[in-house]
Amino acid sequence: MTILLRTAMKKILLAITLLTAAAISLRAQQPAVTAPDSASADTVVWPSQAVPIRLTARSYGDSIVIRWAVDNAGVWMAANQYGWDLYRSSDDPADNSFFLETVGIPDSLRSPQADTVWMRHITAGGPLRPLTLDEMMARFTADNLYAGAAAQALYGTVRYDINRDEALSTTDFMGLAFHQYQEQTQRQFLAYLAAECDPQVASALAMRYVDRDVKRGRLYEYNIESLVPQSLADVTGTGILVECKPFVRQPDEDMPELRITQLDASRAALRWQRNRLSGYFVERKCGKGPWVRMNTKAPVWPMNPDKGTRAVYGDSIASWMESEVVFIDSLYIDSVYTYRVQAFDAFGDRTEWRSSEPFQMIDLVPPATPMVEPVVTERNSRCLVTWKVPYKDDDLVGYYIAFSATSGGPWKTISPMLKPESRYFIDSIADIHGRGFYRVFAVDTAGNVAYSSAVLNMIEDVTPPATPRGLRGIVSDSSGVLCLQWNANTDLDLLAYKVYYANQRDHEFIERSLGYIGDTFFVDSINISTLTSEVFYYVVAVDRNHNYSVPSDTLRLRLPDFIAPGICLLDKMVQDADSVTLRWLASASDDVERYCIYRKLRTAPQWMLVRMIPAADVDGTIVFVDRPEANNVPYTYALEAIDSARNSSGYGGQAVVLFAPSNRFDADIDLTAKADKKKGTVVLSWEIAYGGRKDYYGVVYRSADGGLTFDDVATFSRGETSWTDTKVGGGGTFLYYVELRLLGGGGVSNPSRTVSAKLGNPSGRR
């Protein structure tokens with residue numbers, strides 16, 4: 001490699017180190033550290049064209065703390081050598097010392113000269129640079145881990161250096177350049193991490209400045225400038241405006257609520273929402289014991305999940321980390337734990353401790369898995385199931401045995417809960433269960449279950465399944481489509497069903513299903529153009545060992561009939577005040593199966609079925625008595641005859657009836673009310689003058705404290721003359737009235753006059 005080429009490549013490396021590094025997000029690769037942000041709740045940031053500098057400040061009333069940082073690792077390392085200059089101005093005229101030209105500042109801070117402001121060079125004694133290694137060793141003790149991390153970031157041995165490793169840079173210049181960039185980025189991250197954790201370390205790293213020469217209530221502007229030569233990097237100054245006032249922590253800067261989620265049998269996740277806080281200290285106590293620090297080596301940091309995070313923690317926990325801080329802890333089942341968390345921000349200020357609710361792990365550990373030995377079969381009717389367990393569980397409740405016709409289930413429990421010391425079970429009805437598999441289930445006090453492998457018995461099945469029951473069917477239409485259905489058998493070893501048919505009961509039945517039917521219905525198509533009017537079916541059940549059951553009862557089905565039955569004629573109608581009696585002549589057809597009575601208002605869109613009468617219960621006439629609700633619109637009644645083929649006669653024998661609604665009736669009700677303040681009750685008394693013949697009952701209505709609505713609170717029978725309201729103990733003014741209602745819905749009386757009673761002022765009312 002020629003000298004010119006190497007010089008050009010070194011310039012390229014410098015550009016990569018100083019300028020390109022900012023394009024790679026530090027937080028996407030490392031735990032999220034809150035670097036100083038110009039958008040702070042304590043400050044108002046001036047617009048600036050400085051590209052990598054971020055500046056923030058916090059006022060405490062007696063001092064103002066300034067924090068700054070750059071995202072570019074190369075600029076940070078260069079600034080450590082050249083240093084920083086810090087300037088300040090305020091709205092106090094006595095604070096001005098000399099001026100520095102700046103652009104874009106508030107008019108209130110401008111001097112009479114255009115585009116100038118009076119600024120004080122508060123680092124006039126020399127630019128701010130990190131402490132030397134000797135200065136850091138003198139200022140910090142050896143046990144300060146953050147100071148050690150800062151010293152390592154600044155002065156640790158450099159592993160990759162193109163200027164130093166001339167031979168390697170000649171053969172693998174780009175590889176060495178990339179490793180040097182990675183090392184610089186890691187050093188910058190380590191330094192920023194230490195600065196977040198310890199304010200004094202931040203000052204030692206030249207990332208923090210405390211201004212104590214301030215006055216409460218004054219407005220201060222701070223400008224910071226990098227002294228890195230513009231030939232190396234274009235870093236311009238940045239300004240920030242701060243009001244000197246005591247610091248008050250905002251809600252988004254406080255410690256959020258803690259939540260605990262159990263992850264598995266031994267781990268739980270403590271988590272809380274991410275906000276503007278930087279790091280966290282987690283403590284835990286067991287029961288009433290002392291608080292113990294959980295993160296003894298370093299604070300807990302927010303994590304931005306990547307592929308590696310998801311590979312380690314899983315998708316669920318990684319999804320939490322996108323918006324929450326997550327701390328994974330290992331816990332015991334029988335203990336009650338409480339957590340508390342304290343956070344700190346970019347200025348090193350700590351929040352109050354935030355405690356969680358007490359938390360106890362749920363037992364998710366199943367008991368020991370039973371190991372079933374070969375099943376012993378006795379006389380093809382009983383089976384002995386025995387098992388072993390590798391160890392004894394203290395929380396074991398017991399065992400139960402399950403059986404299945406197949407090794408994959410479904411499993412049916414065939415034993416009661418057996419004691420924890422049980423090691424065998426005798427299935428005394430194994431011949432009924434038939435050939436199949438046993439499995440032993442162990443259950444503990446928390447409901448956790450462990451089960452053995454499935455073990456086959458050696459039962460030989462010679463028992464046929466039960467006879468199918470409930471066979472029924474219908475020929476649905478003129479094409480001869482026939483549907484059969486029957487009740488499902490409960491045999492555990494049932495395989496399927498077969499269907500047989502014949503045209504006459506005394507003929508030989510032949511199989512119609514032509515194979516096994518796995519369900520409890522069968523659809524057939526028959527020829528209805530025959531001389532016979534009936535067809536016969538029965539069903540047989542088959543088990544897995546091909547044992548056939550006794551045939552079901554034979555079902556007789558009539559072939560389709562398309563002739564409608566004769567209509568029904570209205571014979572007589574009698575109406576009184578609240579009822580109507582209708583009598584129809586039955587249909588003349590002999591195959592009527594049932595009669596349906598319908599009713600509808602004249603304005604209604606369709607008929608409503610009100611009674612269904614089997615034809616077997618009808619002897620020449622159909623009598624129906626109805627008491628419909630009174631209505632100004634007349635009712636129409638009709639009767640339909642339906643035969644066994646579902647043919648309908650239509651709606652015949654129609655009759656029209658009108659029941660007009662009854663009006664209110666007059667009744668003389670003399671109502672009085674008397675308040676009993678000692679007992680906190682109101683006694684109502686009344687005298688009623690009513691000359692009607694129908695019986696009635698009364699309703700009492702009440703309204704409280706001038707309410708616009710009355711509620712019905714009591715009823716009374718005819719002859720009662722008083723009622724005591726015991727539910728007014730809270731006090732207030734109450735209004736009452738009474739009305740009568742005729743039994744059977746005959747009418748409602750005019751209400752009585754409204755009376756009032758007062759029981760003092762209710763509690764809390766005005």
Side-chain angles (χ1 to χ4, degrees), residues 381 402-406 408-415 427-437 457 459-477 479-526 528 532-561 591 593-594 596 609 612-617 642-646:
S381 62
F403 178 83
S404 174
T406 65
W411 297 91
K412 179 182 178 181
T413 302
I414 61 172
S415 76
D427 182 8
S428 58
I429 55 172
D431 53 340
I432 298 177
H433 293 144
R435 176 69 67 88
F437 296 83
N457 66 23
I459 290 292
E460 182 181 353
D461 184 9
V462 294
T463 303
T467 301
R469 304 291 181 185
L471 179 62
R472 52 205 179 273
I474 185 174
V475 181
S476 60
D477 55 34
S479 62
V481 176
L482 179 146
C483 297
L484 296 178
Q485 190 173 10
W486 55 93
N487 300 337
N489 275 38
T490 58
D491 302 272
L492 299 177
D493 60 347
L494 181 70
L495 175 64
Y497 303 92
K498 286 180 175 290
V499 177
Y500 296 82
Y501 92 112
N503 286 323
Q504 295 186 23
R505 188 185 295 272
D506 57 352
H507 284 190
E508 181 181 356
F509 282 73
I510 62 175
E511 184 182 348
R512 188 66 174 173
S513 53
L514 301 178
Y516 294 118
I517 301 174
D519 216 323
T520 57
F521 67 88
F522 176 70
V523 179
D524 197 7
S525 180
I526 60 175
I528 60 175
T532 59
S533 61
E534 298 174 330
V535 67
F536 299 86
Y537 286 87
Y538 66 71
V539 179
V540 173
V542 184
D543 65 17
R544 285 189 300 274
N545 286 297
H546 300 282
N547 298 308
Y548 281 63
S549 72
V550 174
S552 68
D553 293 337
T554 301
L555 175 67
R556 178 177 70 95
L557 291 175
R558 295 178 61 88
L559 296 181
D561 174 13
D591 60 346
E593 186 178 80
R594 62 184 181 273
C596 297
L609 178 65
M612 183 181 293
I613 304 173
D617 297 341
I642 301 176
D643 64 17
S644 57
R646 305 301 187 267

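For the numbers below, each heavy atom of this structure counts, side chains included, while hydrogens, waters and symmetry mates do not. It should be emphasised that the depicted structure is a prediction, and the values quoted were computed from it without experimental measurement.
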Point to revise | ring-ring contact (aromatic ring centres under 6.0 Å, His included) against Phe521, all qualifying residues, sequence neighbours excluded | key: none

Check your understanding: Should we count CG of Asn487 as having more than 12 external heavy atoms under 6.0 Å?
Key -> yes

Practice item. Heavy atoms only: give me the nearest Pro468-Ser552 pair and the separation to one decimal. Key: O-CB, 3.3 Å

Exercise for review: Check step by step if side chain to side chain contact (heavy atoms under 4.5 Å, CB included) holds for Val523 and Val481.
Suggested key: CA-CA 7 Å; Val523 179; Val481 176; 4.0 Å; yes

Review point. Would a 4.5 Å heavy-atom cut-off, applied to side chains only, mark Pro465 and Asn547 as touching?
Key: yes

Point to revise | Main-chain N/O of Gly436 paired to Asn457 side chain as donor or acceptor, under 3.5 Å | key: yes

Check your understanding: Any donor and acceptor pair, going by atom type alone, linking the side chain of Asn489 with main-chain N or O of Ala466 inside 3.5 Å?
Key -> yes

Practice item. Taking the side chain as every heavy atom from C-beta outward, state whether Leu494 and Asp543 have any atom pair closer than 4.5 Å. Key: no

**Study point:** Partners meeting side-chain contact (heavy atoms from CB on, under 4.5 Å) with Ala496 (sequence neighbours left out)
**Key:** Tyr516

Check your understanding: Got a sec, which residues hit side-chain contact (heavy atoms from CB on, under 4.5 Å) with Thr554, two or more places apart in sequence or on another chain?
Key -> Arg505, Phe509, Phe536, Tyr538

Exercise for review: For the residue pair Asn503 and Val535, establish whether any side-chain heavy-atom pair is separated by less than 4.5 Å.
Suggested key: yes

**Study point:** Main-chain N/O of Pro410 paired to Ser404 side chain as donor or acceptor, under 3.5 Å
**Key:** yes

Review point. Got Trp486 and Tyr497 here, is their nearest side-chain heavy-atom distance under 4.5 Å?
Key: yes

Study note, to complete from the structure: For Asp617, the side-chain contact (heavy atoms from CB on, under 4.5 Å) test, sequence neighbours excluded, returns Ile613, Pro614

Review point. Could you state the interatomic distance from CZ (Arg556) to CD (Glu534), rounded to the nearest 0.5 Å?
Key: 4.0 Å

**Study point:** Residues Glu593, Ile642; criterion side chain to side chain contact (heavy atoms under 4.5 Å, CB included); working and verdict
**Key:** CA-CA 6 Å; Glu593 186 178 80; Ile642 301 176; 5.6 Å; no

Point to revise | Whether Thr413 side chain and Ser415 backbone form a donor-acceptor pair below 3.5 Å | key: no

Point to revise | N/O donor-acceptor pair under 3.5 Å between Arg544 side chain and Leu495 backbone | key: no

Exercise for review: Quick one: which residue pairs count as a salt bridge (charged side-chain N to carboxylate O under 4.0 Å, His left out) with a foot in residues 510-519, not counting sequence neighbours?
Suggested key: Lys498-Glu511, Arg512-Asp524

Check your understanding: Residues in side-chain contact (heavy atoms from CB on, under 4.5 Å) with Leu555, at least two apart?
Key -> Leu471, Leu484, Leu557

Review point. Considering only heavy atoms from C-beta outward, does the side chain of Ile459 approach that of His433 to under 4.5 Å?
Key: no

